[in-house]
Amino acid sequence: MQKNKTWYITTPIYYPSANLHIGHAYTTIAADAMARFHRLCGDDVLFVTGSDEHGQKIAQKAAEALRTPKDFVDEIVGFIQDPLWKTLGISYDRFIRTTDADHIEVVQRVFKQLMDQGDIYKGTYEGWYCLPDESFWTESKLVDGKCPDCGRPVERVRQESYFFAMGRYQQRMKEYILAHPDFIQPPSRRNEMLSFLDSGLEDLSISRSSLSWGIRVPGDPQHVIYVWFDALLNYLTAAGYSSPNGQFERIWPPDVQLVGKEIVRFHTIIWPIILMALNLELPERVFGHGWLLIGETKMSKSLGNAVDPLELVEKYGVDAIRYYLLREVPFGSDGNYTEESLRLRINVDLANDLGNLLSRTTAMINRFADGQVPFLSAPCRDIDCVLPNLAAQVYDDVKNAMHRLLISDAITQIYRLIRAANKYIEDRSPWKLAKDPKSRPELNTVLYNLAETLRVVSVLLSPFLITTPEKIRNQLGITEPVRSYREALFGQLRGGEKIERGEPLFPRIEESSTPDNENSRDRNTLGRNPRETMGPMTSSSDPKEERPIGEIGIEDFQKIDLRVGTIREAEIIASADRLLKLTVFDGERERIIVSGIRAHYEPQELVGHQVVLVANLKPVKLRGIMSEGMLLAGSAGDILSLIAPARTLAEGARVK
Ligand code: ME8
């Protein structure tokens, strides 16, 4: 029987010029989550990552370290595989190195084929070269005399070179992009590439004679093949292009190629044109995700602002880091990295919402049901259907989000279920039901629903987190690992499982337990506008934040125009990780309020909610947006809650 097509996903292959940072981990963890999700769905997955080892930049770094290039890369690549990817739980099927024998064979074979068919010719290259990006530029494409991609200085190059005749494919490439709306994602990158194509496509210099660290041009050993031409072909090698035994046909083309936005051009113009020339199918989707920023600047090896993933794992644990990277930034947008926002995610989402749900549920089953999950019984009231119904919706929503590569949306959906379960505890107050023996069936239903929701959550979270799902299951007395996404359907817990309470899933990070956090905070929140660290108006229970306030008269209080409003829209501000842009209707008009509540609320959960706003606050510009007012919120420790009227009121109602 013919096997199904392999689901093939790739990351860029990284330069082993220095240790990798959390930007590289971000792409790789995202690909890992997708690979794990597809494996759970029963797909035959091929997940490839690797290292891009040739080229001038590596040769130079090796020379500076007084090592041969191969020695130099061997050490860094060894480190990337273990401990880096191993610690982060990267479940790749192949780690490809461009120094691997099968890859060298593929590159030389492709070069020769394209040469034989006239797509490669010899000429003289004169132009500019950006060393950090290893990219060629003509004079007209430079911006202020610098590399248009990264803004760094370029060097003049003049040498005999082989050229790839890309220009002749310009029209075909454009037609392909137009006919395949899903090929380049997200759509903004697609538009950028279309205008790049419109600005004209020159033939590409694909060999260097001034360098020896690379794959030799077949039949002309004076030349080595350009590092990007070599690197892009890794995706063919890893799919088995060198050994035609039917395997390649089953794998090709890639289903998803994840790349950072700065290399979308290589992957959606040069790479597909090579494939067109080889008469091979193009990848289904190339997704150009955004950057992790430190302040306003991209985190990068060469800028010296890199954060080491292993240090973070040591401090906070692997699942906290995976969760933060996958959840914090909507996939596709840029996002600021700060250690402060990482700690908030741990305390609020992981320790509070998820960890407490597990510990409250297991404690109540111990106390009210002799430590055994009660058996499933018919729902007692409508409210007992809330979790099963929501779980069914979330099952579909997570699946849809993952098929659209929207990882942080998928996790947000899972959190709808987690938060609903916490609310269900409050709504059903099992401790009250336990007081009346007649309420036993109701109590059992409630406890079963909570345990089952946690089991479902353990399945849903398992592409994203690698140790937590098992810990949840162990505490619920489930011994089997998660095997299939279908296990996330509600109602499969048998009942009778023995609770094994354990350590808290995520211990809260107290300020004092991170003695160096002041330093790291300084390091990681560079360039922030100090106004943006301002939260909404809060009443704080944190003694550090309490300021003595003298008495005021009623006339002082009356100066504040407090009104009820409804949030109509809520959006993330790409360049500000703590802020949300809210459109609030105040009874008369819609006003924009920029509020520092991003770490506490997802935009979509706010829409439709009533709030109390300070209507006569002088407008202020935050991140270029005029903010006209402020929302009231209260906070206790890390929990922050917007203040809303206890009953719905007409918008514009005075609060006094
Ligand atoms: O470009 N934020 O390798 P590279 C998010 N060898 N992602 C980031 C990031 C950041 N601040 N910094 C790096 C190369 N990345 C080539 C690729 S592929 C045939 C050849 C991630 O070591 C992101 O995926 O410079 C980016 O595209 C990649 O690392 C660049 O890694």
Side-chain angles (χ1 to χ4, degrees), residues 9-32 48-58 61 73 76-77 80 84-85 90 95-99 103 106-107 130-135 147 149-150 152 189 214 225-239 254 256-272 274-275 283 286-309 324-326 328-337 407 524 574 577:
I9 181 166
T10 66
T11 72
I13 49 171
Y14 306 111
Y15 292 124
S17 54
N19 285 342
L20 304 186
H21 55 70
I22 57 168
H24 304 97
Y26 177 58
T27 319
T28 319
I29 292 172
D32 180 68
V48 174
T49 187
S51 51
D52 184 359
E53 304 186 5
H54 294 123
Q56 190 179 341
K57 182 161 65 174
I58 299 281
K61 288 272 176 193
V73 294
I76 299 183
V77 169
I80 294 174
L84 186 61
W85 291 159
I90 307 302
F95 186 99
I96 183 164
R97 302 181 57 175
T98 51
T99 48
H103 179 67
V106 165
V107 174
C130 170
L131 182 59
D133 285 355
E134 300 266 22
S135 57
C147 170
D149 272 355
C150 70
R152 285 176 281 205
R189 315 246 188 270
I225 295 170
Y226 172 43
V227 61
W228 266 102
F229 191 83
D230 158 359
L232 288 166
L233 296 180
N234 92 80
Y235 306 125
L236 282 175
T237 310
V256 174
Q257 300 210 271
L258 290 189
V259 297
K261 65 181 183 182
E262 80 290 359
I263 55 173
V264 167
R265 185 174 57 88
F266 289 93
H267 284 83
T268 59
I269 294 181
I270 302 176
W271 166 229
I274 299 175
L275 293 175
V286 176
F287 191 100
H289 66 68
W291 288 338
L292 293 188
L293 308 172
I294 294 279
E296 304 282 321
T297 319
K298 180 183 177 222
M299 185 184 297
S300 131
K301 283 179 254 184
S302 55
L303 295 176
N305 61 359
V307 175
D308 177 0
Y324 171 76
L325 290 175
L326 296 176
E328 185 72 3
V329 185
F331 206 55
S333 312
D334 288 349
N336 264 87
Y337 165 79
I407 301 184
N524 296 329
D577 65 332

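Both counts, for ligands and for their atoms, begin at 1 and track the order of listing. Model, not experiment: these values are computed from the prediction.
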Counting non-hydrogen protein atoms only, what is the nearest one to [atom]? Give residue, atom name and distance.
{"atom": "atom 29 (O) of ligand 1", "answer": "H24 CD2, 3.2 Å"}
{"atom": "atom 25 (O) of ligand 1", "answer": "Y15 CD1, 3.6 Å"}
{"atom": "atom 17 (C) of ligand 1", "answer": "I13 O, 3.2 Å"}
{"atom": "atom 11 (N) of ligand 1", "answer": "M299 O, 2.9 Å"}
{"atom": "atom 12 (N) of ligand 1", "answer": "H21 CE1, 3.2 Å"}
{"atom": "atom 24 (O) of ligand 1", "answer": "T27 OG1, 2.7 Å"}
{"atom": "atom 9 (C) of ligand 1", "answer": "G23 CA, 3.6 Å"}

List for me each residue that meets side chain to side chain donor-acceptor pair (under 3.5 Å) alongside Y226, sequence neighbours excluded, and say none if there are none. none

Which of the ligand 1 atoms, numbered from 1, are nearer than 4.0 Å to a heavy atom of [X]:
{"X": "A231", "answer": "19 (C)"}
{"X": "G260", "answer": "23 (C), 24 (O), 26 (C), 27 (O)"}
{"X": "D52", "answer": "6 (N), 16 (C), 20 (C)"}
{"X": "G290", "answer": "5 (C)"}

Could you measure the distance from the CG atom of L326 to the CD1 atom of I407? Nearest 0.5 Å is fine.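 Those atoms lie 5.5 Å apart.
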
Would you call E134 a ligand 1 contact, heavy-atom distance under 4.0 Å? no

Does W228 have a heavy atom less than 4.0 Å from any atom of ligand 1?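 Contact present.
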
Would you say the side-chain atoms of D230 and H103 include a donor-acceptor pair closer than 3.5 Å?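 The answer is yes; a qualifying pair exists.
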
Of the listed options (H267, K298, E262, E53), which comes nearest to atom 30 (C) of ligand 1 when hydrogens are ignored and any heavy atom counts?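 Among H267, K298, E262, E53, the closest heavy atom to atom 30 (C) of ligand 1 comes from E262.
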
Evaluating non-hydrogen atoms only, which member of Y235, F266, W291 is closest to atom 18 (S) of ligand 1? Y235

Does W291 use its side chain to pair, donor to acceptor, with the backbone of G23 at less than 3.5 Å? no

Please check if the side chain of T98 supplies one atom and the backbone of E53 the other of a donor-acceptor pair under 3.5 Å.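 Here the side-chain-to-backbone pair exists.
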
How are the rings of H289 and F331 set relative to one another: parallel (under 30°), tilted (30 to 60°) or perpendicular (over 60°)?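 Because their plane-to-plane angle lies in the 30° to 60° range, the rings of H289 and F331 count as tilted.
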
State whether K57 and E134 are salt-bridged, where the test is any N-O pair (Lys NZ or Arg NE/NH1/NH2 against Asp/Glu carboxylate O) under 4.0 Å. no

Under 6.0 Å between the ring centres of W271 and Y235? yes

Counting only heavy atoms closer than 4.0 Å, does ligand 1 sit against the backbone of L292, its side chain, both, or neither?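 For L292, backbone and side-chain atoms both sit under 4.0 Å from ligand 1.
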
With H54 via ring-ring contact (aromatic ring centres under 6.0 Å, His included) - residues at least two apart: W213

Tell me whether the guanidinium CZ or amine NZ of K301 lies under 6.0 angstrom from the six-membered ring centre of Y15 and within 45° of its axis.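 So K301 doesn't make the cation-pi contact.
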
